[in-house]
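In what follows, a structure is listed as structure tokens, so that the remarks can point back to it.
As the structure is a prediction and not an experimental result, all values here were calculated from the model.
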Amino acid sequence: MALLGVSLCASRVPPNSPLLPSKSLPLQISSLPICSDSPPLVRNLASPLALCESVARTGALALLSASLFFADPALAFKGGGPYGAGVTRGQDLTGQDFSGKTLIKQDFKTSILRQANFKGAKLLGASFFDADLTGADLSDADLRGVDFSLANVTKVNLNNANLEGALATGNTSFRGSNITGADFTDVPLRDDQREYLCKVADGVNPTTGNATRETLLCN
């Protein structure tokens, strides 16, 4: 719109062009009932240049607003709602402290969360899709329905965590993690991951009362 307005204002029209206003145009415009209560557009009709500048300025502001929005994709995840007030998707959140926080359905997709602290956090339905959780503390956390698909969950503290119904598809790895007292009820695991976890499984989840080995369907 800005480009169109500037183009119309800047274009040169031959003197004899029919596009030029006739001599009677000022009389026609002046005959309009223009008063102080008239809309700005009507009041400015007597000045075609001012009208062109107004159109160009409005279009430029619209383009600037759009460019600012699309220049920072993270803006799409601000403003509360299920994503929380801050931006947590695709971010480097190494070592951040989320302990005890309520982060229901929070979006941590593709974020770096190494050594992050989620101890006792409520993360129902949150997404850690393709995130790096190496060394993070998820002990005592409510992880029901959490999406760990393609996530790196190695060397994570899952002590007494409740993972009922969580997703762990793809190449999700729990290697080196502490799963004492963790509840893996209805968590779809690859055979190699289930076999590995059964070797280190121990304890009973204090919230559900389920033994870790039983929730992993260990023999």
Side-chain angles (χ1 to χ4, degrees), residues 67-197 199-201 203 205 207 212 215-216:
S67 63
L68 287 175
F69 178 81
F70 289 108
D72 185 3
L75 291 176
F77 302 100
K78 286 186 177 179
Y83 300 109
V87 179
T88 55
R89 177 175 180 171
Q91 304 296 306
D92 186 347
L93 302 169
T94 299
Q96 292 293 311
D97 186 4
F98 298 99
S99 58
K101 294 185 178 298
T102 298
L103 299 165
I104 296 173
K105 294 184 179 179
Q106 191 78 13
D107 190 349
F108 291 98
K109 291 185 183 76
T110 69
S111 287
I112 300 173
L113 295 155
R114 297 169 186 165
Q115 288 81 49
N117 185 4
F118 290 97
K119 182 178 177 63
K122 291 179 172 57
L123 290 155
L124 287 83
S127 177
F128 291 102
F129 179 88
D130 200 23
D132 185 354
L133 287 154
T134 303
D137 186 354
L138 293 167
S139 60
D140 302 307
D142 189 343
L143 304 173
R144 289 175 293 169
V146 167
D147 187 0
F148 287 112
S149 299
L150 303 179
N152 186 353
V153 202
T154 57
K155 299 180 181 179
V156 170
N157 184 2
L158 290 167
N159 184 41
N160 294 331
N162 185 3
L163 294 90
E164 290 181 288
L167 295 176
T169 57
N171 62 348
T172 302
S173 175
F174 290 94
R175 291 276 174 179
S177 295
N178 174 10
I179 63 167
T180 301
D183 191 330
F184 284 87
T185 299
D186 296 327
V187 177
L189 294 166
R190 298 194 318 272
D191 290 341
D192 64 309
Q193 283 295 293
R194 190 181 303 279
E195 182 180 353
Y196 168 77
L197 292 175
K199 292 178 180 178
V200 297
N205 187 274
T207 302
T212 301
T215 63
L216 285 168

For the pair K119 and D137, find out whether any cationic side-chain nitrogen is under 4.0 Å from an anionic carboxylate oxygen. no
Between the side chain of S177 and the main-chain N/O of V153, is any donor-acceptor distance below 3.5 Å? yes
Taking the side chain as C-beta and beyond, is there a heavy-atom pair between E195 and R190 under 4.5 Å? no
One should read off an interatomic distance between T110 OG1 and L150 CG, to the nearest 0.5 angstrom, of 11.5 Å
Quick check: do L133 and F118 have side-chain heavy atoms less than 4.5 Å from each other? yes
Do the charged groups of K122 and D142 touch, with an N to O distance under 4.0 Å? no
Count the heavy atoms of every other residue, nucleotide or ligand shown that sit under 6.0 Å from CG of D97, and state whether that count exceeds 12. yes
If you count heavy atoms of other groups shown closer than 6.0 angstrom to CG of D191, is the number above 12? no
If you define the side chain from C-beta out and look only at heavy atoms, does anything of T215 sit under 4.5 Å from N205? no
Examine distances only and state if a side-chain atom of R114 and a backbone atom of D132 form a donor-acceptor pair shorter than 3.5 Å. no
Quick one: does L103's side chain get under 4.5 Å of T88's, heavy atoms only? no
Say whether, by atom type as modelled, one donor and one acceptor occur between the side chain of S139 and the main chain of N159 under 3.5 angstrom. no
Separation between CG (N171) and CG (D130), nearest 0.5 Å, reads 8.0 Å
Distance from N160 atom CG to N178 atom CG, nearest 0.5 Å? 8.5 Å
What heavy-atom pair brings P188 and A166 nearest, and what distance separates the two atoms? CD-O, 3.2 Å
Is the closest side-chain heavy-atom distance between Q115 and T94 below 4.5 Å? yes
Given side chain to side chain contact (heavy atoms under 4.5 Å, CB included), test Q193 with R175 step by step and report yes or no. CA-CA 8 Å; Q193 283 295 293; R175 291 276 174 179; 4.1 Å; yes
Would you say the side-chain atoms of T169 and S149 include a donor-acceptor pair closer than 3.5 Å? yes
Spacing of OG1 belonging to T185 relative to CG belonging to L163, to within rounding of 0.5 Å: 9.5 Å
Where does the angle between the aromatic ring planes of F174 and F148 fall among parallel (under 30°), tilted (30 to 60°) and perpendicular (over 60°)? perpendicular
Quick check for you: to the nearest 0.5 Å, what is the distance between L93 atom CG and F98 atom CZ? 5.0 Å
S173 side-chain N/O to N152 backbone N/O, donor-acceptor pair under 3.5 Å: no
Nearest-0.5 Å distance, CG of residue D140 to OG1 of residue T207: 7.5 Å
